[in-house]
Amino acid sequence: MTSTIQGNITASKVETLAKLYLEGDPAEVSVRTLTELCEWLWNEFQSIPLNLQFSWYKRYNNAAEMFTDIQQGHLWVSDENYDTTLGLNPIYSFIFQAIHDGDHYLTNSDFSLEGEIAAYNATAKRAPSLEVQKILYSENVLRSAAYLFLGHPPISKIVFP
């Protein structure tokens, strides 16, 4: 009975967060914030101790598969996760995804909503500003909730509910 209640609460949370993303208007992000985000991403990238590799086709089916690669010093970064909504050079989307995946590993969190929130919290603690944290929240929590809710990637955008 308790697991059913827990499942209903989780499903309700996924739906609530997904609707914030799906029904939200795209946010206006200033050039200053984009510059701050890019500088921060680049600095974070410098400290990633992994061999990062782009892939058009490689997808991790679960966090355990990704963790095995990370433990061997390697990480595939999927093109599926590239977001050009902010008009950034695609290398920053690559870095963004690698940082996020690394935080899944550091927090030992899966790809459930709870896992996405744990990874977001780890990343947000290092973010240089509230504006960058809001972008991270939109991408890592709200967009992930929309993906879980829909069963496929939503149309990409940044929202500040």
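Just the heavy atoms: all of them, side chains too, but no hydrogens, waters or symmetry mates, feed the values below.
- Taking the six-membered ring where tryptophan is involved, the planes of Trp42 and Phe45 are tilted, since the angle between them lies from 30° to 60°.
- Atom CG of Leu50 and atom OH of Tyr105 lie 9.0 Å apart (nearest 0.5 Å).
- A donor-acceptor pair under 3.5 Å is formed between the side chain of Thr35 and the backbone N or O of Val31.
- The two atoms that bring Ala146 and Tyr21 nearest to each other are CB-CD2, 3.7 Å, heavy atoms only.
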task: Any chance you could lay out the side chain to side chain contact (heavy atoms under 4.5 Å, CB included) test for Met66 and Ile70, step after step, and finish with the verdict?
output: CA-CA 6 Å; Met66 184 174 70; Ile70 290 173; 3.9 Å; yes

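- Residue pairs satisfying the salt bridge (charged side-chain N to carboxylate O under 4.0 Å, His left out) criterion with at least one member in residues 116-130, sequence neighbours excluded, are listed as follows: Glu44-Arg126, Asp103-Arg126.
- Here the closest heavy-atom approach between residue Thr107 and residue Ala118 is recorded as CG2-O, 3.7 Å.
- Of the residues listed (Leu22, Ile158, Val159), the one engaging Leu142 in a side-chain contact (heavy atoms from CB on, under 4.5 Å) is Val159, and it is the only one.
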task: Evaluate the criterion side chain to side chain contact (heavy atoms under 4.5 Å, CB included) for residue pair Tyr137 and Val132; output intermediate values, then yes/no.
output: CA-CA 9 Å; Tyr137 188 76; Val132 171; over 6 Å; no

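- For the atom pair OG of Ser144 and CD of Glu139, the computed distance is 8.5 Å after rounding to the nearest 0.5 Å.
- Atom OG of Ser112 and atom CG of Leu148 lie 7.5 Å apart (nearest 0.5 Å).
- Under the 3.5 Å distance criterion, the side-chain polar atoms of Ser138 are left unmatched by any main-chain donor or acceptor of Phe160.
- Counting only distance, with no hydrogens or angles, the side chain of Lys157 and the backbone of Gly24 share a donor-acceptor pair below 3.5 Å.
- Leu106 contributes atom CG, which lies 9.0 Å from atom CZ of Phe67 (distance to the nearest 0.5 angstrom).
- Here the closest heavy-atom approach between residue Ala124 and residue Gln133 is recorded as O-NE2, 3.0 Å.
- Taking CD1 from Ile95 and SG from Cys38, the interatomic distance works out to 8.5 Å, rounded to the nearest 0.5 Å.
- Side-chain polar atoms of Asp101 and Tyr60 form no donor-acceptor pair below 3.5 angstrom.
- One N or O on the side chain of Thr68 and one on the backbone of Ala64 form a donor-acceptor pair closer than 3.5 Å.
- Taking 4.5 Å as the limit, every side-chain heavy atom of Asp69 sits out of range of all side-chain heavy atoms of Leu75.
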field: From CA spacing to verdict: ring pair (Phe, Tyr, Trp, His ring centres under 6.0 Å), Phe111, His104
entry: CA-CA 8 Å; Phe111 301 145; His104 270 289; 5.2 Å; yes

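- Legend: residues meeting salt bridge (Lys or Arg N to Asp or Glu O under 4.0 Å) with Asp110, ordered by chain and number and at least two apart, are absent.
- Separating the OG atom in Ser129 from the NZ atom in Lys134 is a distance of 9.0 Å, to the nearest 0.5 Å.
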- request: Show your reasoning for whether side chain to side chain contact (heavy atoms under 4.5 Å, CB included) applies to Glu114 and Ser109.
  value: CA-CA 8 Å; Glu114 291 77 16; Ser109 58; over 6 Å; no

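- Two rings, from Tyr120 and His100, have their centers 6.0 Å or more apart.
- Using a 4.5 Å heavy-atom threshold, the side chains of Asn140 and Phe96 count as touching.
- Under a cut-off of 6.0 angstrom, the local environment of CD in Glu28 is sparse, with at most 12 non-hydrogen atoms contributed by other residues, nucleotides or ligands.
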- prompt: Between Val77 and Phe54, does a side chain to side chain contact (heavy atoms under 4.5 Å, CB included) hold up when you go through it step by step?
  reply: CA-CA 5 Å; Val77 181; Phe54 171 81; 5.7 Å; no

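- A single hydrophobic cluster is not seen to contain both Ile155 and Leu20; linkage of ILVMFWY side chains at heavy-atom distances under 4.5 Å, directly or through other members, places them apart.
- Side-chain atoms of Gln97 never come within 3.5 Å of backbone atoms of Ser93 as a donor-acceptor pair (strictly under, hydrogens ignored).
- A salt bridge is absent between Lys19 and Glu23: the closest approach of a Lys/Arg side-chain nitrogen to an acidic carboxylate oxygen does not fall below 4.0 angstrom.
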